[in-house]
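Worksheet for the structure shown next.
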Amino acid sequence: MPGLWLILLTLLSLNIKFAVCSLTVGFSLSFIPLFFNFIFLCFDISLLLFFEGQLLFWATIILNFFFSLFVFGDLEFFNYFNHFIPTCSHRHIKELFDSIGSLKKLFNLLYLFYFIDLPILFFIFYRPLHRASRKISISIRKVLSVVTIWIVMIILIIYQYHHLKTLPISQRSDSEIVENNGILSYHALDYINYIRAQSGLGQTVSDQDLNLIGNVLREKREQYRSRRDELFGIARGMNVIIVLLESFENFNLNTVINGREITPHLNKLLKESLYFSNFFTQIGPGSTSDSEFAVNTSLYPMISSVIYSDYYKNDFSSLPRILKKSGYHTYVFHGNRGQFWNRGQMYQAQGIERFFSGEDFSIDEVIGMGLSDKSFFRQSLEKTGQFAQQPFYGFYITLSTHYPFKLPASLDPHLDWGGKFASTTLWNYFTIIHYEDEAVAEFLEGLRKLNLLDNSLIVFYGDHHIYLRNSAKKITQDLGLPYHLMIKSKVPLIIRLPHGKFAREITSPCGQVDVLPTILYLLGVENPDIFLGTNVLLQQPDFVALSRFFQPDGSFVSAKHLYLNTRRKLVSGECYTLPDFKLVDGKECLPEYRKVEETLQISDLIIRGNINSAKLKATAQSGKSNQ
Ligand code: GP9
Ligand code: MN
């Protein structure tokens with residue numbers, strides 16, 4: 001009897017923990033998610049019925065501990081990424097830790113609550129159960145009960161998996177799943193999607209969804225083709241040089257501290273470039289790699305997959321592939337090891353002719369995670385001069401400005417004009433950004449010497465903000481910037497046309513998915529097929545979906561609104577009017593929010609279902625012949 005009590009109390013306490021976890025991060029609770037959580041927990045706990053005595057005691061305590069750890073992990077993860085732990089993350093622990101820097105800053109003592117029942121249960125049940133013999137007991141009654149629970153559970157998962165596909169596309173986000181079906185349903189469905197992706201099964205996309213995808217993509221194409229100005233094809237046939245600036249926030253540019261600029265060279269570059277001053281990061285759990293993905297494919301990074309690892313076998317229509325068709329040679333340069341974010345495999349699948357990774361560089365000067373950017377640029381230019389056949393696409397990924405923002409003593413310029421910022425993390429960051437600014441100037445000078453500066457389209461963009469979650473407010477206050485979450489999602493996008501022609505500032509809000517159509521327009525590509533972004537040179541995007549990993553999914557900026565889906569339920573999310581940042585009723589953002597969710601889910605389906613133009617054409621054809 002004490003054994004059964006222990007099982008029941010464990011079941012109860014775990015249900016409470018999952019419910020509290022949901023509430024803590026802002027989901028509302030209703031009967032169905034609670035019920036689904038209950039069934040999932042019964043499913044796992046049912047196996048304990050076969051144990052008795054000491055064995056039952058220890059098995060229950062251990063199971064309880066692991067589930068508690070799971071809830072705790074979910075909460076910690078949510079705290080940082082606004083999302084519960086996706087299945088894919090176990091393969092990326094190293095990358096995630098490198099990104100965050102340290103988990104210590106996330107820890108909250110209150111979360112020990114999730115373990116409080118363990119000593120209590122231990123204290124109550126240790127004696128009675130320890131005296132009882134330790135054994136495994138199997139009876140027909142127990143087997144029948146367990147099998148029944150498992151059947152109910154399996155039916156429930158299959159039902160949820162299929163039911164989800166019948167919902168309007170805008171209501172299939174992970175947050176809707178957690179809200180409507182509970183945390184454990186989210187994990188189960190995410191696990192199924194992950195296994196399908198890993199086994200190459202992909203996802204079958206219904207004809208109805210395929211038609212919707214086809215229509216949305218057609219609209220995008222028509223929008224792209226409908227307007228032209230003198231910039232169309234201005235860089236036709238030129239080299240395309242893209243520089244990814246690691247952890248580079250937009251607020252570095254034009255910031256003056258005690259009369260000195262942090263980025264004097266980049267500020268000069270802005271004056272001879274198209275400068276997109278309201279450009280947002282849109283990364284997912286794949287961090288830097290996701291920014292590469294968004295820029296090169298104009299699809300949105302996923303919320304629960306590292307695309308570079310899970311979908312590298314897809315036929316993405318990416319910038320290097322498009323350019324390859326017009327005779328371009330394609331190269332990537334990065335000073336870190338080639339397998340980080342599975343880049344080696346992804347690039348191969350993306351038609352990159354040669355990936356120069358850490359293994360190809362002489363690591364003669366180290367900053368933070370690896371090769372210093374000055375040395376990286378110097379060696380990359382040597383390789384470019386030596387190997388690159390023109391026209392070429394070159395993607396250069398920097399590294400030195402990655403957390404922990406520390407220059408080794410030999411390279412530290414000891415900038416003495418920090419004033420009140422001196423010896424703060426922000427000043428360390430600015431110091432390293434100042435270093436990066438010099439590195440960029442040397443790179444541009446190197447391009448000039450190679451005669452590449454004025455026969456290339458040169459793009460600089462930031463991959464994501466710095467992960468200093470709690471100090472963002474202070475930073476912006478100190479800098480005298482109006483504090484807003486918008487600030488920390490903003491990164492630079494700078495496009496230099498030969499001889500600095502057509503330089504101007506473009507203030508429309510835009511994001512990383514908009515880079516591809518914008519570049520293609522400058523290169524004069526007539527008819528790109530799959531892309532979800534907008535050519536920002538001629539049109540203001542309807543919305544910019546903010547990073548799904550750092551803001552709750554569905555958050556966006558548009559010309560009229562900023563919507564932060566902070567409390568999950570749309571009505572309790574924060575809808576601000578722009579440019580005055582006035583908080584208004586969440587419902588005002590509803591129509592745009594639905595459009596954002598629809599686009600994000602379409603992007604997910606394109607990736608999960610490996611939808612390419614051939615597939616879309618085939619559906620359109622079969623649709624016609626069925627009519
Ligand atoms: C690693 C570099 C940094 O190679 O691109 O990655 P991050 O941690 O920012 O994703
Ligand atoms: Mn990065």
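One-based numbering, in listed order, for ligands and for the atoms of each. These numbers come from a predicted model, not from an experiment. Hydrogens, waters and symmetry mates play no part in the numbers below; they use all other heavy atoms, side chains included.
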Got an N/O contact under 3.5 Å between S289 and ligand 1?
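The answer is no, given that S289 and ligand 1 share no N or O pair closer than 3.5 Å.
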Go through ligand 1 atom by atom and flag the ones less than 4.0 Å from a non-hydrogen atom of [X].
X	answer
N336	1 (C), 4 (O)
W341	6 (O), 7 (P), 10 (O)
H464	9 (O)

Kindly give the atom name of the N, O or S atom of H464 closest to the Mn ion (ligand 2).
NE2
When the ring centroid of [X] is compared with that of [Y], is the distance short of 6.0 Å?
X	Y	answer
F70	F72	no
F356	F361	no
Y300	F293	no

I'd like to know if Y403 contacts ligand 1, where contact means a heavy-atom distance under 4.0 Å to any ligand atom.
no
At the Mn ion (ligand 2), what's the angle from T288 OG1 to D463 OD2, rounded to 10 degrees?
90°
Specify whether an N/O/S atom of H402 falls short of 2.8 Å from the Mn ion (ligand 2).
no
Return yes if some donor-acceptor pair links the side-chain N/O of S305 with the main-chain N/O of D310 below 3.5 Å, else return no.
no
Please work out whether the ring planes of W427 and W417 are parallel, tilted or perpendicular, with thresholds of 30° and 60°.
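W427 vs W417 ring planes: perpendicular.
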Tell me yes or no: between the side chains of Q551 and Y563, is some donor less than 3.5 Å from an acceptor?
no
